[in-house]
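Right, one structure below, let's go through it.
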Amino acid sequence: MVMAVAVFDPSFAASKRSARRQVAPGPPSPPPRRWFGSVAVAVALVGLVAVIVLGITAETTRALALPGGVATFIGSLTGLAGMYLALVQVVIVARIPALERILGQDGMLRWHRRLGPWPISLLVAHALFVTIGYAQASRSGIWHEVDALLTSYPDVLAATVGLALMVMIGITSIRAVRNRMRRETWWAVHLYIYLALALSFAHVIALGPSFVGHPLVRIVWSVIWAATAGAVLVYRLVVPFARSLRHRLRVVEVRREAPGVTSVICSGKHLDRLAVSGGQFFAWRFLTRELWWQAHPYSISALPRPPYLRLTVKAIGDHSSAVARLRPGTRVAIEGPYGAVTAHARTHQKVVLFAGGIGITALRSLLEDLPRQSEPVVIMRASSEDQLVLRAEVAELVRHRRGVLHEIVGSRRALASTKELLRRLVPDITRRDLYVCGPPGMIEDVVAAAASLGVPKRAIHYELFSW
Ligand SMILES: Cc1cc2nc3c(=O)[nH]c(=O)nc-3n(C[C@H](O)[C@H](O)[C@H](O)COP(=O)(O)OP(=O)(O)OC[C@H]3O[C@@H](n4cnc5c(N)ncnc54)[C@H](O)[C@@H]3O)c2cc1C
């Protein structure tokens with residue numbers, strides 16, 4: 001464990017007096033604009049309808065009546081819709097800030113997984129129907145037609161490789177398969193989606209009945225693709241790179257908080273201009289020989305106090321364990337801030353925060369962003385007392401907001417049911433917003449208990465510390 005001079009006062013902002021001694025945090029992240037979400041959904045639906053209309057109007061009744069006409073038509077239509085939905089999938093994960101602020105990490109993953117099976121199934125159907133249709137038209141066998149398509153039609157071979165990559169990505173997304181893979185392998189496999197889409201682009205333009213002889217449609221389609229690629233490039237690469245260069249974060253202290261739990265304090269430039277809210281997280285890339293190639297999500301465990309920024313990490317695997325061995329001076333690159341579990345999500349004045357284990361990090365920084373009138377009821381749950389990390393800071397922040405802190409220690413099985421716990425500790429829970437952070441099983445449990453006590457969905461905000 002590397003220790004350096006304590007440069008970061010953890011009691012900051014807990015009380016007015018200590019807050020005065022500290023530099024004020026930077027601005028909060030901008031509030032989500034809900035209307036943008038509705039506009040985005042409307043645009044995506046209009047786009048889908050337009051693509052279907054385009055596919056239908058490209059066919060003539062004469063072509064449909066020819067041998068293979070119907071199968072080729074179905075193939076074209078499923079191909080167009082599949083490619084369009086694949087683009088929508090890419091837009092969802094492009095981390096476009098206006099969308100990210102509404103969906104957050106969890107919403108983004110939920111939508112991505114919900115939509116996921118569609119583009120792949122439609123594109124597989126496209127390949128099957130087009131092959132059948134072409135075989136019927138040329139009165140040849142399926143395998144003969146497969147050979148003809150791969151060897152004599154422009155760009156079909158590349159598109160087939162693209163489809164194979166998409167199917168591979170689809171298989172690795174099935175929960176049972178995903179759970180057996182390392183997150184880094186899964187992520188690397190998913191990167192092939194960009195190659196798959198690039199390989200498929202040319203054959204659509206060259207062969208699609210909606211595109212051949214329709215220069216305007218070609219231009220519009222190309223612009224949509226270029227815009228999607230541009231969004232990925234800007235928000236996943238350029239912005240994080242520029243932000244990391246601008247703030248030039250370096251580790252200044254590595255502090256042990258509890259057995260297996262470490263805080264890393266980074267120092268950087270212009271942090272007073274870094275718009276981040278309590279409850280948000282960054283993908284952190286520590287630029288050491290061991291860790292530079294992987295970025296992991298960790299919440300800020302305190303609002304930035306320029307020039308300092310803190311994260312607190314529980315060791316559960318390779319990356320989170322290596323964090324405790326970081327040395328002062330290590331450079332740090334960041335991507336984010338991300339996450340929608342912020343004070344902006346509040347629908348009531350009062351709140352209840354429920355943290356499972358290391359989930360307290362996000363709620364600890366969120367607490368700082370909450371006004372005094374929020375009178376927070378904070379429930380910290382941990383398997384043992386020494387895992388109630390940051391408890392002194394949390395206690396002071398709660399006290400300053402005239403709230404109540406409950407510390408619940410013990411294995412989940414040994415404790416009372418979550419519903420009973422919430423009913424007893426938060427009798428006015430239906431008049432509060434509920435924020436939950438921690439492992440997936442606990443979140444499911446707390447969300448279900450709150451819902452059964454009558455807390456509406458819009459007042460429940462959670463961040464899964466998992467993928
Ligand atoms: C939004 C968010 C905020 C988080 N904040 C914190 C925090 O403040 N403090 C903290 O200690 N932990 C936090 N985590 C969890 C942390 O990201 C994982 O514990 C860490 O990435 C594990 O990596 P590993 O290599 O040590 O372990 P591994 O053995 O690789 O992974 C162990 C488990 O961690 C999860 N995980 C691994 N990599 C990722 C990833 N890139 N994205 C999401 N989940 C992953 C998976 O569920 C996996 O099964 C957060 C996770 C998320 C999604």
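Counting starts at 1 for both ligands and their atoms, in listed order. Throughout, numbering of the chain's residues begins at 1 and tracks the sequence.
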Closest heavy-atom approach to atom 12 (N) of ligand 1 among Tyr298, Phe281, Trp284 is made by Tyr298
Ranked by distance from atom 36 (N) of ligand 1, the top protein heavy atom is Trp467 CD1, 3.9 Å
**Request:** Measure from the side-chain N and O atoms of Ser200 to the backbone N and O of Gly162, and report whether any donor-acceptor pair falls under 3.5 Å.
**Result:** no
Atom 28 (P) of ligand 1: closest protein heavy atom, distance to 0.1 Å, is Gly317 CA, 4.2 Å
for atom 51 (C) of ligand 1, nearest protein heavy atom and its distance come out as Phe465 CA, 3.5 Å
Q) Among the heavy atoms of Leu464, does any lie under 4.0 Å from an atom of ligand 1? A) yes
Atoms of ligand 1 under 4.0 Å from any heavy atom of His319, numbered from 1 in the order shown, are 24 (P), 25 (O), 26 (O)
closest protein heavy atom to atom 26 (O) of ligand 1 is Ser320 OG, 2.5 Å
Any side-chain to backbone donor/acceptor pair from Tyr84 onto Ala44? Under 3.5 Å, distance only. yes
message: Could you check whether any heavy atom of Leu311 sits closer than 4.0 Å to an atom of ligand 1, since that is the contact criterion I want to use?
response: no
With Ile379 as partner, the option from Leu422, Val446, Leu363 fulfilling side chain to side chain contact (heavy atoms under 4.5 Å, CB included) is Leu422
task = Could you tell me whether Arg391 and Glu385 make a salt bridge, using a distance below 4.0 angstrom between a side-chain N and a carboxylate O?
result = yes
If you scan protein heavy atoms around atom 41 (N) of ligand 1, the nearest is Arg183 NE, 3.0 Å
Within 4.0 Å of some non-hydrogen atom of Thr361, the atoms of ligand 1 are 7 (C), 8 (O)
Near Arg331 CZ, under 6.0 Å, is it more than 12 heavy atoms from other residues, nucleotides or ligands? no
of all protein heavy atoms, closest to atom 21 (O) of ligand 1 is His296 ND1, 2.6 Å
Quick note on ligand 1: atoms under 4.0 Å from a heavy atom of Lys314 include exactly 10 (C), 11 (O)
Could you give me the CA-CA distance, side-chain angles and deciding distance for Glu368 and His400, then say whether side chain to side chain donor-acceptor pair (under 3.5 Å) is met?
CA-CA 10 Å; Glu368 269 185 271; His400 183 60; over 6 Å; no
Notebook entry, point to check: Can you find an N or O of Thr312 that's nearer than 3.5 Å to an N or O of ligand 1?
Noted result: yes
Can a donor-acceptor pair be found, under 3.5 Å and without considering hydrogens, that links the side chain of Glu375 to the backbone of Arg402? no
Check your understanding: Under 6.0 Å from the CH2 atom of Trp225, do we count more than 12 heavy atoms belonging to anything else shown?
Key -> yes
| said: Could you check whether atom CZ of Phe201 has more than 12 heavy atoms from other residues, nucleotides or ligands sitting under 6.0 Å from it? | reply: yes
Could you check Thr342 against Ser277 for side chain to side chain donor-acceptor pair (under 3.5 Å), going step by step and ending with a plain yes or no? CA-CA 6 Å; Thr342 66; Ser277 292; 5.0 Å; no
Open item on the list: Using a 6.0 Å distance limit plus a 45 degree cone around the ring axis, check whether Arg33 lies over the aromatic ring of Trp35.
Closed with: no
message = Any protein heavy atom at under 4.0 Å, with atom 5 (N) of ligand 1 as the reference point?
response = yes
If you scan protein heavy atoms around atom 17 (O) of ligand 1, the nearest is Pro297 O, 2.7 Å
Evaluate Glu184 for polar contact with ligand 1, using N/O atom pairs at a separation under 3.5 Å. no
Side chain or backbone, does Ser466 bring an N or O within less than 3.5 Å of an N or O on ligand 1?
yes
Atom 32 (C) of ligand 1 has as its nearest protein heavy atom Ile316 CD1, 3.6 Å
